[in-house]
Every structure is written in structure tokens, then in C-alpha cells.
Number of protein chains: 2
Amino acid sequence: MGRRHFVVTTSVEPPLRGSPYRAGCPTRRILDRIGDRWTVLIVGALWDGSARFSELRRRIEGISQKMLTQTLRGLERDGLVRRTVYPEVPVRVEYTLTEAGRSLREPLRALEEWSITHLGDVSASQEAYDRAD
Amino acid sequence: MGRRHFVVTTSVEPPLRGSPYRAGCPTRRILDRIGDRWTVLIVGALWDGSARFSELRRRIEGISQKMLTQTLRGLERDGLVRRTVYPEVPVRVEYTLTEAGRSLREPLRALEEWSITHLGDVSASQEAYDRAD
DNA sequence: CCGTATCCTTCCCGATACTG
DNA sequence: CAGTATCGGGAAGGATACGG
């Protein structure tokens, strides 16, 4: 089967789907895209240049073939990654961040910075909380 | 039962758990905390002042009692929200963002900004992709 | 080499019922 | 009012086998 079928998280639909949860909140909408297990790691791996499928698999330790394909398809569909097929034998496929994909750098850096400066306190808070029954 | 038991996403443990996925990546670590369905909505609802449990439930349309409690507990454990119990009858409980909680504003705003400027293009890209088989 | 198809487990989360 | 306990459906994701 080709790639006709997709889970279709359709696009416009501002407010809700099943339950009235604020799916329209812009922050939530982008978290729905990058909040999964692999997206930011792939974006990071593509950061300085393109790579082919097998190279990505090697860089992102632990990712399964299925999830790499699936996540790359999602990124391609969103216009954040460009996929180029070179019809050689055997086939060669290159993945590159688009301009939109590279524009993710700013928000991701903000997250990373927050992480670096605050996750120590978070861990300490967790331990204190867990000790206090 | 008190709040002794917790799912314990322990803290230090730099690299991995089940599979060697980059759990140590700072960006992924913070996404593991705010990437769920309700966290950013709760943080947003607490943005301009504290609120009690029932007030939060009303503000965050569609959240279940269970998820509101659970997410608030996580935020409290992480030191991002402070929980204050006033032993009146009936009991009153106030939730407030801590300093650390408020510091989330910067990264969240970066995400929101990216959303607002790019999600239109993303939607267009999706539709084009879906039309092309 | 670069995938797709299928099965199977795990875990998120909603629904519901019940307490101090 | 502000929770806790329990059940169950469904989605995410890993393992495996196969195909162009």
C-alpha cells in the first residue's frame, strides 16, 4: 500500500474533537507535533545537514524502523522535512530540514535552556516530595 | 490511601530505561513533563493568580477530576505548583504557580509564537500532502 | 537499502463509584 | 469541596516478518 492512508489529525477545526479539550490552544497544537517520543531527536539529528534513512537510524540510538519511518512521514507531511529519493540501485533516500523545520530551533532552544537551568531543582523537589510521604 | 505511591519517573538516571532512547536529552526531558494533554493548560489557567480545585475544573473545559488531580500532583511534586490547604469546612484548596512554574513562561511563549506564525503553513502542507495520494 | 504489514504489550486517560 | 479507587477502551510504540 502506498501512503494514501494517514491517521489524519486534520488541521483547521479550532476547538475540539472527542472531548472539549483546548485543542485549539496554539501551544498545545505544537506540543501535539513535537511532544512525542522521537520528533525532537530526529530534528536534532538533522540539524547540521541532511542524512539518509540508515544514517538516522544509527544516530538516534534505540529508534525502531517503524517509528523512524512514521515520524519522518509526519514531519514531511507537516512540511518540516524534505524527502528526496535517488532512484539508484539500491535506492538512496535523503532527509533534510526545510526552512520551516529549521525555524523550530528557537522554541526548542528555549525549552532546552529551561531544562538545563531548572531540571536540577525539579529533581530535588521530586526527591523532597517523595521523602515526605 | 495517602500520596505515598507515585509512578516515579525518577530523576537522575541520565541515559535510558527500557530502550536506549535519549531520555537524557534536556529538551526531551522537559517535553516529558509538559508534553502531556493537560499540563500547559493548567499552567495557563494558573497564569494570573491562584485558583481552587473547582475553579480550575471550570476553567479547563473537558478535564476530568482524575486528570486534574493527577496533573496537579505532578506539578506539585516537580515544584512548579504550590498547594495550600485551608482546613475550613468544607475544605478549601488553593493552587498557585511557584517561581519555577512561572519561569516556564519563556519557553511556552516561544512555542506559542512558533505555533502562531507557522501552523498555517503546516496545515497547508498537510492538505497538499494528503491530496497528492 | 528503505521501507510496509501485522501482532502484541504498555500506558494514558476517561467514566464511574465512593469517602472525609 | 476535594479528592481516591477501580475498570476498561484506545492509542503509542516495540518486535518481527516480509516486499520493491
Side-chain angles (χ1 to χ4, degrees), chain A residues 1-9 16-23 28 31-39 41-42 50-58 60-76 81 83-95 133, chain B residues 1-9 16-23 28 31-39 41-42 50-74 76 81 83-95 133:
Chain A
M1 191 180 296
R3 35 199 180 83
R4 267 152 296 276
H5 295 302
F6 228 83
V7 187
V8 180
T9 310
L16 51 110
R17 203 159 19 233
S19 66
Y21 116 97
R22 290 270 158 66
R28 276 243 31 87
L31 283 175
D32 280 339
R33 324 211 136 270
I34 68 168
D36 63 47
R37 205 170 159 87
W38 299 110
T39 294
L41 297 174
I42 292 181
S50 42
R52 29 197 311 195
F53 189 85
S54 46
E55 172 63 17
L56 283 175
R57 243 198 128 173
R58 244 171 291 116
I60 305 168
E61 196 183 355
I63 194 169
S64 66
Q65 199 166 30
K66 174 190 171 187
M67 287 316 296
L68 181 53
T69 302
Q70 190 176 115
T71 310
L72 283 169
R73 286 294 177 279
L75 285 166
E76 187 195 2
V81 157
R83 176 174 180 270
T84 314
V85 182
Y86 298 93
E88 312 167 349
V89 181
V91 71
R92 179 166 59 100
V93 181
E94 292 266 358
Y95 292 94
D133 261 17
Chain B
M1 192 181 295
R3 36 199 180 80
R4 269 152 296 275
H5 295 302
F6 228 85
V7 187
V8 180
T9 311
L16 53 109
R17 202 161 21 237
S19 65
Y21 116 98
R22 290 271 158 67
R28 276 244 31 86
L31 283 175
D32 279 340
R33 323 211 135 271
I34 69 169
D36 63 47
R37 205 169 160 86
W38 299 111
T39 294
L41 297 175
I42 292 181
S50 42
R52 25 195 317 193
F53 188 85
S54 46
E55 173 63 16
L56 283 175
R57 242 198 127 172
R58 244 170 290 118
R59 286 195 203 170
I60 305 167
E61 197 182 354
I63 194 169
S64 66
Q65 198 165 31
K66 176 190 168 185
M67 288 315 296
L68 181 52
T69 301
Q70 190 175 113
T71 310
L72 283 170
R73 286 293 177 279
E76 187 195 3
V81 157
R83 176 174 180 270
T84 315
V85 182
Y86 298 93
E88 311 166 351
V89 181
V91 71
R92 180 166 60 100
V93 180
E94 292 267 357
Y95 290 95
D133 260 16

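Letters A, B, ... are given to chains in the order of the sequence lines, protein chains preceding strands, and every chain is numbered from 1.
Using a 4.5 Å heavy-atom threshold, the side chains of B:Leu41 and A:Arg28 count as touching.
Checked against A:Glu55 for a salt bridge (Lys or Arg N to Asp or Glu O under 4.0 Å), the options A:Arg57, A:Arg52, A:Arg58 give a single hit: A:Arg58.
Residue order along DNA chain D, read from the 5' end via each residue's closest nucleotide, puts B:Arg52 first among B:Lys66 and B:Arg52. Each of B:Arg58 and B:Thr69 has a nearest nucleotide on DNA chain D; the 5'-most of these lies closest to B:Arg58.
In this structure, A:Tyr86 reaches neither bases nor backbone, as no heavy-atom distance under 4.0 Å exists between it and the strands shown. Residue A:Gln65 is in base contact, counting any heavy-atom pair closer than 4.0 Å across all strands shown.
Atom CG in B:Asp36 sits roughly 15 Å away from atom P in D:dA12 (whole-Å rounding). Counting to the nearest Å, the C1' atom of C:dT4 and the CZ atom of A:Phe53 are 11 Å from each other. Summarising the geometry, the separation between CD1 on B:Ile42 and P on C:dC13 is reported as 11 Å, rounded to the nearest angstrom. Following rounding to the nearest Å, B:Arg57 (CZ) and C:dG14 (P) show an atom-to-atom distance of 11 Å. Atom pair A:Leu72:CG and C:dC2:P shows a separation of 11 Å (rounding to whole Å applied). In this structure, the CD1 atom of B:Ile60 is 15 Å from the C1' atom of C:dC13, given to the nearest Å. To the nearest angstrom, P of C:dT16 lies 18 Å from CG of B:Leu68. For the pair A:Gln70 CD and C:dC2 C1', the interatomic distance rounds to 16 Å; values are reported in whole Å.
Side-chain atoms of B:Ser64 lie closest to C:dG14 of the nucleotides C:dG14, C:dC13, D:dC1. Considering only side-chain atoms of A:Arg37, the nucleotide from C:dG3, D:dG3, D:dG14 that sits closest is D:dG14. With D:dC1, C:dC13, D:dG13 as the candidates, the nucleotide lying closest to the side chain of B:Pro90 is D:dC1.
Recorded end-axis angle for the helix from C:dC1-D:dG20 to C:dG20-D:dC1 stands at 40°, based on five pairs per end and rounded to 10 degrees.
For the OP1/OP2 pair of D:dC1 and a distance below 4.0 Å, the side-chain nitrogens and oxygens of B:Tyr95 include no atom meeting the criterion. At the phosphate of C:dC2, neither OP1 nor OP2 sits under 4.0 Å from any side-chain N or O atom of A:Arg83.
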